[in-house]
Participant: 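Please see the structure below; I have some questions.
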Amino acid sequence: MVLMTMIARLADGLPLAASMQEDEQSGRSFMEYQNQAKMLFKKLNHQSPTKCSIESGPMVFHYIIEVGVVYLVLCEKQYAKRLAFAYLEELQQEFYSQNSKKVSTVTRPYSFIEFDTYIQKLKKSYTDTRARRNIGHINTELQDVQRIMVQNIDDVMQRGVALSDLDNKASNLSSLSKKYKQDAKYLNLRSRNAKIAAVVTLVVIFLIYLRYWWF
């Protein structure tokens with residue numbers, strides 16, 4: 001089931017809205033997951049995967065990034081991944097419809113706390129078994145969710161590895177490769193010019209020698 005929902009601004013990780021499952025028994029560890037979510041928001045950037053699942057003990061975070069906003073949900077591992085991402089897609093569409101023009105201007109955390117009313121309504125439709133059976137408008141792109149990247153929370157948090165590291169390393173390698181090719185081309189050109197200059201110099205010296213010593 002959907003246990004926690006958080007929405008944050010991608011640029012600076014500022015939380016915009018949130019909703020948690022009201023359950024005193026499970027509430028014991030929700031603060032830990034909420035802190036993990038906030039740390040995750042700080043690590044995400046424009047090079048991060050736009051869809052990803054991050055395992056954390058018996059739970060899993062699923063998130064999507066759309067138009068500079070991160071939509072994140074915490075679910076139990078057994079909760080259908082397809083439903084989790086369908087939930088996030090609906091959440092994104094409604095939040096964008098209501099608040100897209102204000103996202104870049106707010107400065108206080110949870111400026112859209114009133115959005116919790118819609119979150120609760122949407123969460124209920126994805127929690128009730130009979131309602132879940134009737135969800136027939138799931139985007140066809142969500143049918144194949146096995147390709148969505150899966151990370152472990154320890155790798156992301158404890159080791160300080162940002163989700164975009166691989167992309168950054170690949171970009172750096174590509175840049176270094178281009179620079180190496182440019183430098184090699186420049187050195188080859190200099191070497192060739194030096195050889196030509198040496199030959200020209202020898203020819204000139206030889207001609208001068210012939211002129212002054214043989215005529």
Side-chain angles (χ1 to χ4, degrees), residues 1-23 30 33-54 59-76 79-151 163-164 167:
M1 64 184 298
V2 175
L3 300 173
M4 182 176 71
T5 303
M6 294 187 71
I7 303 173
R9 191 163 56 196
L10 180 62
D12 54 6
L14 180 72
L16 302 174
S19 179
M20 287 187 288
Q21 179 71 20
E22 295 296 333
D23 186 340
F30 273 177
Y33 290 117
Q34 188 176 19
N35 290 335
Q36 288 178 351
K38 290 178 180 178
M39 292 173 65
L40 179 60
F41 289 148
K42 292 293 185 181
K43 288 183 175 290
L44 294 175
N45 54 52
H46 291 286
Q47 283 73 48
S48 301
T50 56
K51 292 183 180 181
C52 188
S53 297
I54 302 174
M59 305 295 181
V60 58
F61 291 104
H62 302 288
Y63 79 76
I64 64 172
I65 299 175
E66 292 284 350
V67 198
V69 178
V70 185
Y71 303 86
L72 179 142
V73 63
L74 177 71
C75 304
E76 298 161 326
Y79 188 76
K81 193 174 181 180
R82 183 170 61 90
L83 285 175
F85 280 96
Y87 171 85
L88 289 172
E89 290 287 348
E90 284 201 61
L91 188 72
Q92 183 273 325
Q93 291 171 11
E94 185 64 25
F95 185 83
Y96 182 81
S97 175
Q98 291 187 23
N99 307 301
S100 60
K101 295 180 180 180
K102 307 173 188 175
V103 169
S104 61
T105 62
V106 298
T107 56
R108 294 184 303 172
Y110 305 106
S111 294
F112 304 102
I113 195 66
E114 70 279 359
F115 192 69
D116 178 62
T117 303
Y118 175 80
I119 296 177
Q120 294 294 339
K121 179 181 177 181
L122 182 64
K123 187 160 57 177
K124 185 176 181 180
S125 70
Y126 278 82
T127 301
D128 185 88
T129 305
R130 288 172 298 178
R132 282 164 54 186
R133 289 199 191 112
N134 294 327
I135 297 175
H137 56 279
I138 294 177
N139 193 310
T140 55
E141 294 179 359
L142 297 174
Q143 300 302 318
D144 186 10
V145 295
Q146 298 305 318
R147 297 181 182 180
I148 295 176
M149 181 184 292
V150 178
Q151 294 271 336
L163 294 177
S164 60
D167 290 336

Participant: List the steps and the verdict of side-chain hydrogen bond (donor to acceptor under 3.5 Å, both in side chains) for Glu94 and Gln98.
Facilitator: CA-CA 6 Å; Glu94 185 64 25; Gln98 291 187 23; 2.7 Å; yes
Participant: Taking C-beta and beyond as the side chain, do Ile119 and Leu91 meet within less than 4.5 Å on heavy atoms?
Facilitator: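 Yes. Closest side-chain heavy atoms under 4.5 Å.
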Participant: Is Glu66 salt-bridged to Lys51, going by a charged N under 4.0 Å from an acidic O?
Facilitator: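 Result for this pair is no, no salt bridge flagged.
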Participant: List the residues meeting side-chain hydrogen bond (donor to acceptor under 3.5 Å, both in side chains) with Glu76, not counting sequence neighbours, and say none if there are none.
Facilitator: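 Not a single residue meets the side-chain hydrogen bond (donor to acceptor under 3.5 Å, both in side chains) criterion with Glu76.
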Participant: Rounded to the nearest 0.5 Å, what separation is found between the CD atom of Gln93 and the CG atom of Leu122?
Facilitator: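 Rounded to the nearest 0.5 Å, the CD-CG separation comes to 10.0 Å.
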Participant: Looking only at non-hydrogen atoms, find the nearest pair between Tyr110 and Ala18 and report the distance.
Facilitator: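 That would be CE2-CB, 3.6 Å.
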Participant: Val67 versus Ser100: any side-chain heavy-atom pair under 4.5 Å?
Facilitator: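 Not in contact.
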Participant: To the nearest 0.5 Å, what is the distance between CD on Gln36 and CG on Leu72?
Facilitator: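 Gln36 atom CD to Leu72 atom CG measures 10.5 Å (nearest 0.5 Å).
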Participant: With distance as the sole test, does Ser48 use its side chain to make a donor-acceptor pair with the main-chain N or O of Leu44 at under 3.5 Å?
Facilitator: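 It does not hold such a pair.
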Participant: Got Tyr87 and Thr5 here, is their nearest side-chain heavy-atom distance under 4.5 Å?
Facilitator: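 They are in contact (side-chain heavy atoms under 4.5 Å apart), so the answer is yes.
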Participant: Which residue pairs pass the salt bridge (Lys or Arg N to Asp or Glu O under 4.0 Å) test with at least one member in residues 1-19, sequence neighbours excluded?
Facilitator: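 Residue pairs with at least one partner in residues 1-19: Arg9-Asp12.
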Participant: Mind checking side-chain hydrogen bond (donor to acceptor under 3.5 Å, both in side chains) for Glu114 and listing every partner two or more places apart, or none if nothing turns up?
Facilitator: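 Partners of Glu114 by the side-chain hydrogen bond (donor to acceptor under 3.5 Å, both in side chains) criterion come out as none, since no residue qualifies.
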Participant: Please step through side chain to side chain contact (heavy atoms under 4.5 Å, CB included) for the pair Met4 and Met59, ending with a clear verdict.
Facilitator: CA-CA 11 Å; Met4 182 176 71; Met59 305 295 181; over 6 Å; no
Participant: To the nearest 0.5 Å, how far apart are CD in Glu90 and CZ in Phe85?
Facilitator: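 So the CD of Glu90 and the CZ of Phe85 are separated by 15.0 Å.
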Participant: Just jot down the ring pair (Phe, Tyr, Trp, His ring centres under 6.0 Å) partners of Phe115, sequence neighbours excluded, or say none.
Facilitator: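 Per chain and number, Phe115 pairs via ring pair (Phe, Tyr, Trp, His ring centres under 6.0 Å) with Phe95, Tyr118.
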Participant: Where do Ile54 and Tyr63 land on the side chain to side chain contact (heavy atoms under 4.5 Å, CB included) test, with the steps shown first?
Facilitator: CA-CA 8 Å; Ile54 302 174; Tyr63 79 76; 4.2 Å; yes
Participant: Roughly how far, to the nearest 0.5 Å, is CD1 of Ile7 from OG of Ser19?
Facilitator: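 It comes to 9.5 Å.
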Participant: Would you say Tyr71 and Glu89 make side-chain contact, with heavy atoms under 4.5 Å?
Facilitator: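 No; the side chains remain at least 4.5 Å from each other.
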Participant: Could you measure the distance from the OH atom of Tyr126 to the CG atom of Leu88? Nearest 0.5 Å is fine.
Facilitator: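 Between Tyr126 OH and Leu88 CG, I get 9.0 Å after rounding to 0.5 Å.
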Participant: Working note: Leu10 + Ile65, criterion side chain to side chain contact (heavy atoms under 4.5 Å, CB included); need CA distance, chi angles, decisive distance, verdict.
Facilitator: CA-CA 8 Å; Leu10 180 62; Ile65 299 175; 3.8 Å; yes
Participant: With rounding to the nearest 0.5 angstrom, report the CG to NZ distance, Leu83 to Lys81.
Facilitator: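 It is 13.0 Å, given to the nearest 0.5 Å.
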Participant: Going by the rule side chain to side chain contact (heavy atoms under 4.5 Å, CB included), which residues pair with Lys102 if we only count those two or more places apart in sequence or in a different chain?
Facilitator: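 Counting only residues at least two positions away or on another chain, Lys102 forms a side chain to side chain contact (heavy atoms under 4.5 Å, CB included) with Asn99, Thr105, Phe112.
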Participant: Please name the pair of heavy atoms, one in Cys75 and one in Leu3, separated by the smallest distance, quoted to 0.1 Å.
Facilitator: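 Closest heavy-atom pair between Cys75 and Leu3: C-CD1, 4.4 Å.
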